[in-house]
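Reviewing the structure listed below.
Quick note on labels: first sequence line is chain A, next is B, and so on, each numbered from 1.
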There are 2 protein chains.
Amino acid sequence: MQKTTTANPTARQTDLTEIFDTIEYSDAYRITYLANSIVFPTYAAIKRDFGLVRAEYILLACLSHYDELTARDVAQISMRPRNTISRAVHRMVAEQLIERRHNRVDKREASLTITKKGQRLHKRIAAYLTQRQEDVFAGLNVQERQELSKLLRKTALHTAALNQ
Amino acid sequence: MQKTTTANPTARQTDLTEIFDTIEYSDAYRITYLANSIVFPTYAAIKRDFGLVRAEYILLACLSHYDELTARDVAQISMRPRNTISRAVHRMVAEQLIERRHNRVDKREASLTITKKGQRLHKRIAAYLTQRQEDVFAGLNVQERQELSKLLRKTALHTAALNQ
DNA sequence: TCAATATTGTTCCAAATGGAACAATAAATT
DNA sequence: AATTTATTGTTCCATTTGGAACAATATTGA
């Protein structure tokens, strides 16, 4: 709970980073803040430059790292509702960024794969995210960065099990 | 790039966590995954139980930790567009969760404060987020958790400066 | 075997969202 | 002082979003 002032409006009186320490769920807050800092500007740039909405580049990213996935898999990996993935699939099949092939065994599902064109696009998009990632983590030295990586990995694996 | 199969549809063949390691921007990815894991289920619960949308509880959280802020401050802290904050302000003033007082010096802006009622609501919401935070970080031991906290804090502060 | 239940992916619809243009005010520049 | 530029907060509008109901298929269990 910090003093702010409107008495002297010329100077920025309030330290807008205090909440990092004072909020009850400070780790969750910091994580979310960092995620937003990475994702929001990059998302806007991807939309502007490539015309993809979030569910679409998520789909592209997932398919870039697995030989094939079902829409259900993608929804689970990304924690997005199935209908947004479904929409993304249709638009991206139309754009020939991915391919869909009905499963002969289980006729409900279809397996999705990325095309060459899709892979090329993913590479360009990944460069945006990688760049922003480096900017965000530039405040850490090499050991710190490694340690953070390790801890995030462990936490993410634990959480994935939790989300199951 | 991992083998999956649709040949034997009964067993889950694909390890959906592999992407944590194989993706180009793995730190950014892990951070985002964790943020989503914390925020999505909690957000849904907050909406269900209290009827608040995201911009609204963000506003509440910000005002819980500063004596007063302008809408602009909140937009900056939360990295949300100004119009979503504006909407949230109006609804929450109507609900008497926050108060708005026009600034005499700079007539464009208004200073926002949280009410007692707003504070009580924030406490209840914070409990949801805190609980989820604990679940997500339960995979770490005490030292690891402390170390992660420290690294996240440093990175968040660096990023806040970057976002300025 | 047949009914009941679960799962996958889709469509529909109402709500949330964010960019852009705007009015009001303030600050900077001439 | 007058003009130009910047800032704050708002409204408008088109798009994105996600819950819920649904059809098709698969699985479970009586």
Would you classify [X] as touching base, sugar-phosphate or nothing, given that sugar-phosphate means primed atoms plus P, OP1 and OP2, and contacts are heavy atoms under 4.0 Å?
X	value
A:Y43	sugar-phosphate
A:A44	nothing
A:R100	sugar-phosphate
A:R80	sugar-phosphate
B:A110	sugar-phosphate

What is the distance, rounded to the nearest whole Å, between atom [atom1] of [X] and atom [atom2] of [N]?
X	N	atom1	atom2	answer
A:R104	D:dT25	CZ	P	15 Å
A:L59	D:dT17	CG	P	13 Å
B:L112	D:dT10	CG	C1'	14 Å
B:F40	D:dG18	CZ	P	7 Å
B:E109	C:dA23	CD	C1'	17 Å
B:D73	D:dT8	CG	P	9 Å
B:N103	C:dA26	CG	P	9 Å
A:E56	D:dT15	CD	C1'	12 Å

Could you work out which one of [options] sits closest to the side chain of [X]?
X	options	answer
A:P81	D:dG18, C:dA26, D:dT17	D:dG18
A:H90	C:dA16, D:dG18, C:dT10	C:dT10
A:N83	C:dT17, C:dA16, D:dA20	D:dA20
B:S86	D:dT10, D:dG9, D:dA26	D:dT10
B:K107	D:dT25, D:dT17, C:dT25	C:dT25
B:T84	D:dT7, C:dG9, C:dT17	C:dT17

5'-most by nearest nucleotide on DNA chain D - A:R91 or A:R108: A:R91
Please compare B:R54 and B:R82 by the position of their nearest nucleotide in DNA chain D and report the one closer to 5'. B:R82
Look at the aromatic rings of B:Y29 and B:Y25 and report parallel, tilted or perpendicular, splitting at 30° and 60°. tilted
Could you pick out which residue, B:A55 or A:V89, lies toward the 5' side of DNA chain C when each is mapped onto its nearest nucleotide? A:V89
Between B:V53 and A:A71, who's closer to the 5' end of DNA chain C by nearest nucleotide? A:A71
Establish, yes or no, whether a centroid distance under 6.0 Å links the rings of A:Y128 and A:Y57. no
Check: B:R48 side chain, D:dG19 base, donor-acceptor under 3.5 Å: no
Donor-acceptor pairs are to be reported for all side-chain atoms of residues 138-145 of chain A against protein atoms at under 3.5 Å, with residues two or more places apart or in another chain.
from   : atom 1 : to     : atom 2 : distance (Å)
A:N141 : OD1    : A:Q143 : N      : 3.1
A:N141 : OD1    : A:E144 : N      : 2.8
A:E144 : OE1    : A:N141 : N      : 3.0
A:E144 : OE1    : B:K154 : NZ     : 3.1
A:E144 : OE2    : B:K154 : NZ     : 3.1
A:R145 : NE     : B:D27  : OD2    : 2.9
A:R145 : NH1    : A:E134 : OE1    : 3.1
A:R145 : NH2    : A:E134 : OE2    : 3.2
A:R145 : NH2    : B:D27  : OD2    : 3.1

Within a radius of less than 6.0 Å around NZ of B:K123, do more than 12 heavy atoms belonging to other residues, nucleotides or ligands occur? no
A:R54: partners by salt bridge (Lys or Arg N to Asp or Glu O under 4.0 Å), with sequence neighbours left out: none
Pair A:H122, B:E24: side-chain N/O donor-acceptor within cut-off below 3.5 Å: yes
